[in-house]
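Worksheet for the structure shown next.
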Amino acid sequence: MEISTQSNFIRDIIEKDLSSGKHDQVVTRFPPEPNGYLHIGHAKSICLNFGVARDFGGRCHLRFDDTNPRKEDPEYVRSIMNDVRWLGFDWGEHLYHASDYFDQLYEYGLELIKRGKAYVCSLSPQEIRQYRGTLTEPGKNSPFRDRSLDENLKLFQAMKKGQFDEGTHVLRAKIDMSSPNINLRDPVIFRIVNADHHRTGYSWCIYPTYDYAHCLSDSIEEITHSLCSLEFQDHRPLYDWILDQLPVSCHPRQIEFARLNLNYTVMSKRKLARLVSEGHVRSWDDPRMPTLSGLRRRGYTPESIRRFCDLIGVAKSDNIVDMSMLEYCAREDLNKKAPRFMAVLNPVKLIITNYPEDMDEELEAINNPEDESMGTRKVPFSRELYIEFDDFMENPPKKFFRLAPGREVRLRYAYFVTCEKVVKDQATGDIREIHCNYDPATKGGDAPDNRRVKATLHWVSARHAGKAEVRLYDRLFSRANPTEDEKKGIDFLEYINPDSLKVLDSCFIEPGLADLCPGDHCQFERLGYFCVDPDSQPDKPVFNRTATLRDAWARIQKKTG
RNA sequence: UGGGGUGUAGCCAAGCGGUAAGGCAACGGGUUUUGGUCCCGUCAUUCGAGGGUUCGAAUCCUUCCGCCCCAGCCA
């Protein structure tokens, strides 16, 4: 695996803690709640936590934060483990669940009561909210705040036995109802939930809250550095308070960093779930989704995503990273690895009038000019070919280098051809055929007299071509920040890009492409990087465009208008 | 108007009292049988703004401003 060279404030802290002797090993954890699929934002956290452990010779735990049975599902557990492994990380023996600690967490609850640091509150949820106060006004003490130790113990035990309905009682930490930090205003640490938990079934009817379970789970696992996102900064005093009240031997340090945002997409599980459930995309692994499963299906490699996470860095300021950074990482990696092929997406027929009708040839093509070890292949050539519709113009502007009447270009690995005639549909005026003649002396693509052409076109022999479906993807939203108008009441779905998917169902591919399997990557020369979709059938492969190649001609067109 | 954060180029992001790294994007040029790759070059006299300390400030002090987060029995 590549060594991350990018330092950041968290690595600096860890380095210091190691060299000062505060710790002799670093232990981190990635703590997803199994209530959705992992996305590229999680990848940032995974790369950070596992990367730090790897680079400093420590370990990183995978811990499912499964304290809310109502939202969690084993399907998510499976997908999360699969995605973390796919990204290239290994938790070894260290797979844990917050639910592994329910007994211990309950015992700690009892202990907190005994120490006078927690009480059973019987206010309704609405009342608790009212008593909490507001951002500017302090809260009021619950009337149940001074229950006796015995009463608290009895009630909490009764809660555990299932003697109460949901919402009737909770266990609260006794801290300070007038704290300017709302999280310290006697936060709820256990609530009653009657639901089927994916691992413990119905054996519990009280569940710990995040604030309570997380710090203690970290402590139990002897985590040294508990890395989380910025919104938990206000929770850190509570994290520390709980550990300070209890007889624990390990008190991890919570450090917060800014989560990843990407422009032209959304990153919240709730919003991603809406895209799926409301049918704006096909599934969680739709190639337009920023989920790891979506990116994988789109053709992103684990290496490219790790590289991306390395490039964007880790800091504390809010950020919206440009999509072009992600695309850059895809191209950078695939350029080295993807075998090249020729495929014509928008075909127009090219006929070489001076090439014998019954002849065909096998021409040698290079599989990857970046990697000689990938060798060469044979590509069939014949009189009738398909070329890209965009590679011909009847009245070309000055900067158009490709085929035009009277102009000579190179057919990649084949011959120089010169356009002599255009055949059009009588009725519509559409171009039907382009007639060319070829120079046999230029076989392979080099002219013995050293004459130059300004363009090289890709092509596919009509007689030998396979058919394929190609799916072209664009950004999912038309706005860089689809949620920017939420305060104004404009739903992010208003900004969905209606052209985010374009399906081309009659593309032509060179024969060699038929041997690829779902998940395989390739480059269609001059067009972009593609990946074979699992929807492929033996007679009809389906390709997803991962990313286009950088396209100087497209930029010229854009500038010219 | 309580508390917690944060402001360095279009976007990420280094920098930690000694005179603004790097990457993406963009723009020029070279090489090229992919208008790709690769190579070379340009792109912050200034770090949210003002004051102060200092021989010297993005870094220290101070005032102000912007943006983000917090009033779930979600995480």
Side-chain angles (χ1 to χ4, degrees), chain A residues 6-8 31-33 35 65 67-68 70-71 121 123-125 128-130 132-139 166-172 179-185 187-193 206-207 209-211 213-214 228-237 256 258 260 263 269-270 308 310-329 331-332 335-336 340 342 365-366 369-370 399-402 410-414 416 442 444-447 452-458 480 523-528 548-556:
Chain A
Q6 193 83 38
S7 194
N8 57 55
E33 185 190 13
N35 67 343
D65 213 340
T67 56
N68 187 352
R70 210 94 71 178
K71 292 189 173 176
C121 180
L123 253 22
S124 70
I128 287 183
R129 195 182 321 128
Q130 283 158 6
R132 189 152 33 222
T134 67
L135 294 178
T136 51
E137 304 156 35
E166 285 188 23
T168 57
H169 304 274
V170 291
L171 187 69
R172 290 228 248 171
S179 172
N181 182 343
I182 290 177
N183 295 299
L184 262 19
R185 315 236 266 229
V188 171
I189 58 178
F190 273 97
R191 75 287 207 185
I192 298 169
V193 180
I206 56 171
Y207 288 88
T209 57
Y210 166 84
D211 285 311
H214 205 91
C228 63
S229 46
L230 252 26
E231 66 267 31
F232 293 104
Q233 286 174 119
D234 291 344
H235 295 240
R236 186 171 2 107
E256 312 84 11
L260 168 69
N263 61 14
K269 281 185 198 169
R270 212 189 96 70
F308 173 75
D310 209 40
L311 286 184
I312 57 173
V314 176
K316 294 183 75 165
S317 55
D318 293 324
N319 60 79
I320 303 179
V321 174
D322 209 297
M323 201 54 121
S324 65
M325 188 89 88
L326 224 204
E327 286 175 358
Y328 166 81
C329 293
R331 292 188 188 109
E332 182 191 45
N335 177 50
K336 292 178 295 191
R340 320 276 124 131
M342 292 195 284
I366 294 164
E370 304 297 314
K399 288 190 170 167
F400 184 85
F401 301 157
R402 283 108 95 144
R410 172 169 39 233
L411 295 177
R412 178 140 238 225
Y413 302 123
F416 285 14
T442 58
D446 278 314
R452 321 289 287 181
V453 288
K454 291 186 86 173
T456 300
L457 310 188
H458 61 277
Q523 184 196 100
F524 291 172
E525 294 224 24
R526 302 209 304 137
L527 297 175
T548 62
L549 257 27
R550 289 182 81 239
D551 188 346
W553 169 236
R555 271 177 274 140
I556 289 165

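Order of the sequence lines fixes the chain letters, A, B, ..., with proteins taken first and strands second; residue numbering starts at 1 for each chain. Model, not experiment: these values are computed from the prediction. When reading the values below, keep in mind they use all heavy atoms of this one structure, side chains included, and skip hydrogens, waters and symmetry mates.
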Quick one: label [X] by what it contacts on the DNA or RNA (base, sugar-phosphate, nothing), any heavy atom closer than 4.0 Å.
| X | answer |
| --- | --- |
| R452(A) | sugar-phosphate |
| D211(A) | nothing |
| F416(A) | nothing |
| Q523(A) | base |
| Y207(A) | nothing |
| K399(A) | base |
| H235(A) | base |
| S179(A) | nothing |
| Y328(A) | sugar-phosphate |
| R129(A) | sugar-phosphate |
| Y413(A) | base |
| T548(A) | nothing |
| P369(A) | base |

Pairing partner (Watson-Crick or G-U wobble, both distances under 3.5 angstrom) of [N]:
| N | answer |
| --- | --- |
| G10(B) | C24(B) |
| G72(B) | none |
| U34(B) | none |
| G18(B) | C55(B) |

Expressed in whole Å, how much space separates the [atom1] atoms belonging to [N] and [M]?
| N | M | atom1 | answer |
| --- | --- | --- | --- |
| A58(B) | G18(B) | P | 11 Å |
| A21(B) | U32(B) | P | 34 Å |
| G48(B) | C16(B) | P | 16 Å |
| G72(B) | C11(B) | C1' | 34 Å |
| G66(B) | A49(B) | C1' | 10 Å |
| C27(B) | U34(B) | C1' | 22 Å |
| C67(B) | G29(B) | C1' | 41 Å |
| G50(B) | A57(B) | C1' | 15 Å |

Review point. H169(A) or T442(A): which one's nearest nucleotide on RNA chain B is closer to the 5' end?
Key: T442(A)
Review point. Hey, which of these two, R550(A) or R412(A), hits RNA chain B nearer its 5' end, going by closest nucleotide?
Key: R412(A)
Can you see if the side chain of [X] gets near the phosphate of [N] - specifically, an N or O under 4.0 Å from OP1 or OP2?
| X | N | value |
| --- | --- | --- |
| R526(A) | U37(B) | no |
| Y210(A) | C74(B) | no |
| R70(A) | G72(B) | no |

Practice item. Between protein and nucleotides 3-13 of chain B, map the contacts as a letter string: B base, S sugar-phosphate only, - none, heavy atoms under 4.0 Å, written 5' to 3'. Key: BSSS----SSS
Study note, to complete from the structure: d(N183(A) CG, R236(A) CZ) to nearest 0.5 Å is 12.0 Å
Check your understanding: How long is the gap from NZ on K454(A) to NZ on K399(A), to the nearest 0.5 Å?
Key ->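 K454(A) atom NZ to K399(A) atom NZ measures 10.5 Å (nearest 0.5 Å).
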Do [X] and [Y] have side chains that get closer than 4.5 Å, going by heavy atoms?
| X | Y | answer |
| --- | --- | --- |
| E525(A) | T456(A) | no |
| R410(A) | T442(A) | no |
| M342(A) | R526(A) | no |

Under the 3.5 angstrom rule, does the side chain of [X] hit a backbone N or O of [Y] as a donor-acceptor pair?
| X | Y | result |
| --- | --- | --- |
| N181(A) | D234(A) | yes |
| N263(A) | M323(A) | yes |
| R331(A) | T548(A) | yes |

Just how far, in rounded Å, is [atom2] of [N] from [atom1] of [X]?
| X | N | atom1 | atom2 | value |
| --- | --- | --- | --- | --- |
| R270(A) | C74(B) | CZ | P | 15 Å |
| L123(A) | A71(B) | CG | P | 18 Å |
| L184(A) | A71(B) | CG | C1' | 14 Å |
| D310(A) | A14(B) | CG | P | 12 Å |
| W553(A) | G35(B) | CH2 | C1' | 9 Å |
| I189(A) | A75(B) | CD1 | P | 13 Å |
| L457(A) | G36(B) | CG | C1' | 15 Å |

Point to revise | Side-chain donor-acceptor pair present, T209(A), D211(A), cut-off under 3.5 Å | key: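 Distance-only check fails for T209(A) and D211(A).
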Review point. Base of G29(B) relative to its sugar, syn (within 90° of 0) or anti?
Key: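 Here G29(B) takes the anti form, which means its glycosidic angle is more than 90° from 0.
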Nearest-nucleotide pick for [X], side chain only, options being [options]:
| X | options | result |
| --- | --- | --- |
| L135(A) | C73(B), C70(B), G35(B) | C70(B) |
| N335(A) | U37(B), G35(B), U1(B) | U37(B) |
| E525(A) | C74(B), U34(B), G35(B) | U34(B) |

Practice item. State which residues pass side chain to side chain contact (heavy atoms under 4.5 Å, CB included) with N68(A); sequence neighbours excluded, sorted by chain then number. Key: E33(A), R70(A), K71(A), E72(A), R191(A)
Revision key, fill the gap. Residues passing the side chain to side chain contact (heavy atoms under 4.5 Å, CB included) test with F232(A), sequence neighbours excluded, are Y210(A), C228(A), S229(A), H235(A), Q254(A)
Point to revise | Polar side-chain contact R340(A)-U34(B) base: donor and acceptor under 3.5 Å | key: yes
